[in-house]
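Structure first, then comments.
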Amino acid sequence: MKRSLATQFISLFSFVLLLGFASQLQAQNFKLGPKFSVSSSGISGTDFQVQNLQDLRELQVSLQEASPEYHVGIFSRLTLLGFYIQPELALTTSRVSYLVEDLTGGGTEAANEQYLGLEMPIMAGIKLGPFRANAGPVYRMNLTSVSDLADVQGFGRRFQESTLGLQAGVGLDLGKKIVLDLRYETNLNRPTDEVTVFGQTHKLSEYSGQWVAGIGIAL
């Protein structure tokens, strides 16, 4: 399923790019360029306690901080008769910090996680002068994740490989070059963010949606 969804999104992105290049007879209908975005953290922590009956250890795990997510990539847009389609491709990165407390021994240990992912939104909408309204699916793929929790004795970590979500929002074009977007993103399939401690599986965090603000520069 992961490869199938990724293939479909990349194929559609490539198709729109080719269609845009073919429309150079009216070059004002096509935009292409780099885009930079930042999103609020959509992660909320779920504190939990676990016990190991063999050595009578009791641990508590809590979310300390979730950084904003940063996006760096490209966008393209094809506009026809006031309607447009805007596929994007971006690398995303974020960082989350947890605190692991040993309630029996009194010690604490900080654990950080870093994520690098690939994001592919495909937005469609209407354009009225410089203003835009749009919505569309977004596919996310986890490229690599590094977690200090894996180094804590008794812990095991599982990351969601891919998710499918939905973005919707508004945009503003400043002249012919600057593209501004503000969107809200939610997941269509719930991410699995789990940790295994002493053989017990727990939900480590929940995804509550996030705001994404971006700026693009048409070349």
Side-chain angles (χ1 to χ4, degrees), residues 2 35-73 88 90-121 138-169 181-215:
K2 175 182 175 181
K35 188 175 183 184
F36 310 92
S37 303
V38 62
S39 60
S40 61
S41 175
I43 298 176
S44 58
T46 54
D47 297 358
F48 63 88
Q49 296 181 5
V50 292
Q51 289 183 321
N52 184 0
L53 298 180
Q54 294 181 353
D55 59 12
L56 302 180
R57 290 179 66 199
E58 184 175 5
L59 302 179
Q60 176 170 298
V61 181
S62 56
L63 176 69
Q64 294 296 293
E65 181 182 4
S67 74
E69 184 178 58
Y70 300 97
H71 316 238
V72 179
E88 302 173 8
L91 290 174
T92 65
T93 181
S94 62
R95 179 186 177 98
V96 180
S97 299
Y98 297 94
L99 184 66
V100 181
E101 299 180 72
D102 190 335
L103 301 180
T104 53
T108 62
E109 185 172 351
N112 297 317
E113 293 187 336
Q114 292 181 313
Y115 311 93
L116 178 65
L118 182 68
E119 177 190 65
M120 290 178 281
V138 53
Y139 174 77
R140 286 175 170 266
M141 181 189 303
N142 181 27
L143 298 179
T144 181
S145 302
V146 179
S147 175
D148 292 340
L149 286 176
D151 299 328
V152 179
Q153 184 179 6
F155 275 67
R157 190 71 173 91
R158 179 191 174 194
F159 294 96
Q160 181 83 359
E161 292 185 348
S162 62
T163 60
L164 182 63
L166 179 67
Q167 289 186 352
D181 283 294
L182 178 63
R183 303 169 186 165
Y184 184 77
E185 178 182 330
T186 186
N187 271 318
L188 298 178
N189 60 329
R190 294 185 178 180
T192 302
D193 192 4
E194 298 175 343
V195 62
T196 302
V197 193
F198 306 139
Q200 308 168 35
T201 300
H202 298 267
K203 182 183 293 184
L204 188 59
S205 62
E206 295 180 344
Y207 183 84
S208 56
Q210 61 185 2
W211 288 97
V212 184
I215 178 171

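- Separating the CG atom in Leu182 from the CD1 atom in Ile215 is a distance of 13.0 Å, to the nearest 0.5 Å.
- Separating the OG1 atom in Thr144 from the CG atom in Leu118 is a distance of 13.0 Å, to the nearest 0.5 Å.
- To the nearest 0.5 Å, atoms OH (Tyr184) and CG (Leu166) are separated by 11.0 Å.
- By the 4.0 Å N-to-carboxylate-O rule, Glu119 lies too far from Arg183 to be salt-bridged with it.
- In this structure, Ser37 and Val212 approach most closely via the heavy-atom pair CB-CG1, 4.1 Å.
- No side-chain donor-acceptor contact under 3.5 Å links Ser94 to the backbone of Pro68.
- The CG atom of Asp148 sits 11.5 Å away from the OH atom of Tyr98 when rounded to the nearest 0.5 Å.
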Check against side-chain contact (heavy atoms from CB on, under 4.5 Å), Leu91 and Leu143: CA-CA 9 Å; Leu91 290 174; Leu143 298 179; 3.7 Å; yes

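- In this structure, the separation between OG on Ser39 and OH on Tyr70 is 9.0 Å, given to the nearest 0.5 Å.
- By the 4.5 Å heavy-atom criterion applied to side chains, Val138 and Glu185 are counted as neighbours.
- Under the 4.5 Å side-chain criterion, counting only non-hydrogen atoms from C-beta, Thr108 is not in contact with Val100.
- In this structure, NE2 in His71 is found 10.0 Å from CD in Glu88, a value given to the nearest 0.5 Å.
- Listed for the Ser40 side chain is no donor-acceptor partner under 3.5 Å among the backbone atoms of Gln210.
- Side chains of Tyr139 and Thr163 form no contact here, defined as non-hydrogen atoms less than 4.5 Å apart.
- In this model, no donor atom of one side chain and acceptor atom of the other lie less than 3.5 Å apart for Gln64 and Ser97.
- Ionic pairing of Arg95 and Glu113 is not present here: no N-O contact between side-chain nitrogen and carboxylate oxygen is shorter than 4.0 angstrom.
- Side chain of Asp181 to main chain of Gly214: no donor-acceptor pair is present (N/O by atom type, distance under 3.5 Å, no hydrogens or angles).
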